[in-house]
Trainee: 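Input: one structure, supplied below.
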Amino acid sequence: MGYFHRTEINKKIYRVGKALKDEPNNAMTENDLTEKSITPMGGFSHYGEVNEDWIMLKGSIMGCKRRLITLRKSLLPQMSRRATEKVELKFIDTASKMGHG
């Protein structure tokens, strides 16, 4: 698969977050009131800290970690039960991804 042939459809958007300077506690939810940012303790493996706006998607995205991805609105209206259900995040895990913590 080449650079321009990576196409995935119907990704579910869980959450859109603001930059760290705009919203320092951007990983808080209604059920988990712990003040924390989206970056795990020690940063993401081979990436570092997230300081800018971010988006949380269901599943995985192909490509290297810092590759630019393009999102667009679906051409067809999503009518399935899975696509129309409301997502409520109860907890965002920010424990260390490198080992203990």
Side-chain angles (χ1 to χ4, degrees):
M1 294 184 72
Y3 185 83
F4 294 106
H5 298 289
R6 294 186 171 112
T7 303
E8 295 185 32
I9 59 173
N10 299 333
K11 286 289 184 187
K12 187 83 169 175
I13 296 177
Y14 281 163
R15 189 165 185 177
V16 177
K18 295 182 181 175
L20 193 60
K21 63 182 181 213
D22 297 336
E23 188 179 340
N25 301 324
N26 54 15
M28 289 177 54
T29 60
E30 293 179 7
N31 294 338
D32 180 29
L33 299 178
T34 307
E35 295 181 358
K36 56 187 175 181
S37 67
I38 195 66
T39 304
M41 292 188 294
F44 283 100
S45 302
H46 306 289
Y47 184 82
E49 295 186 4
V50 177
N51 295 322
E52 299 298 322
D53 296 344
W54 52 273
I55 185 167
M56 186 184 293
L57 299 173
K58 179 179 181 179
S60 61
I61 303 296
M62 291 194 291
C64 59
K65 293 187 181 355
R66 293 179 189 244
R67 168 138 323 143
L68 179 70
I69 60 170
T70 303
L71 302 174
R72 70 172 171 88
K73 191 171 172 81
S74 177
L75 297 175
L76 301 172
Q78 299 293 315
M79 303 302 290
S80 70
R81 172 179 266 170
R82 186 179 69 107
T84 56
E85 70 181 353
K86 180 154 173 41
V87 175
E88 284 193 32
L89 293 177
K90 295 183 179 176
F91 178 75
I92 298 175
D93 183 22
T94 56
S96 175
K97 304 302 176 208
M98 294 295 288
H100 304 293

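Atoms considered below: every heavy atom in the structure, side chains included; atoms not considered: hydrogens, waters and symmetry mates.
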Trainee: Which residue in the set Ile55, Asn26, Thr29 passes side-chain contact (heavy atoms from CB on, under 4.5 Å) when paired with Arg15?
Mentor: Thr29

Trainee: Please name the pair of heavy atoms, one in Ser37 and one in Pro24, separated by the smallest distance, quoted to 0.1 Å.
Mentor: CB-O, 3.6 Å

Trainee: Other members of the hydrophobic cluster containing Met56, with the 4.5 Å side-chain heavy-atom rule, please.
Mentor: Tyr14, Ile38, Phe44, Tyr47, Val50, Trp54, Val87, Leu89, Ile92

Trainee: A quick test of your reading: do over 12 heavy atoms of other residues, nucleotides or ligands sit less than 6.0 Å from CD of Glu52?
Mentor: no

Trainee: For the residue pair Asn51 and Ala19, what are the closest heavy atoms and their distance?
Mentor: O-CB, 3.4 Å

Trainee: Under the side chain to side chain contact (heavy atoms under 4.5 Å, CB included) rule, what do Lys11 and Lys58 come out as? Steps first, then yes or no, please.
Mentor: CA-CA 6 Å; Lys11 286 289 184 187; Lys58 179 179 181 179; over 6 Å; no

Trainee: Just do the side chain to side chain contact (heavy atoms under 4.5 Å, CB included) check on Glu85 and Lys12 with the steps written out, would you?
Mentor: CA-CA 10 Å; Glu85 70 181 353; Lys12 187 83 169 175; 4.0 Å; yes

Trainee: Rounded to the nearest 0.5 Å, how far apart are CD of Glu35 and CG of Asn25?
Mentor: 4.5 Å

Trainee: Rounded to the nearest 0.5 Å, what's the gap from CD on Glu30 to CE on Met28? Could you check?
Mentor: 10.0 Å

Trainee: Under 3.5 Å, is there a donor-acceptor pair linking the side chains of Asp32 and Thr34?
Mentor: yes

Trainee: What about Leu71 and Ile61, same hydrophobic cluster or not, with Ile/Leu/Val/Met/Phe/Trp/Tyr joined at side-chain heavy-atom distances under 4.5 Å?
Mentor: yes

Trainee: So, for Ser74 and Leu76, which heavy atoms are closest and what is the spacing to 0.1 Å?
Mentor: OG-O, 2.9 Å

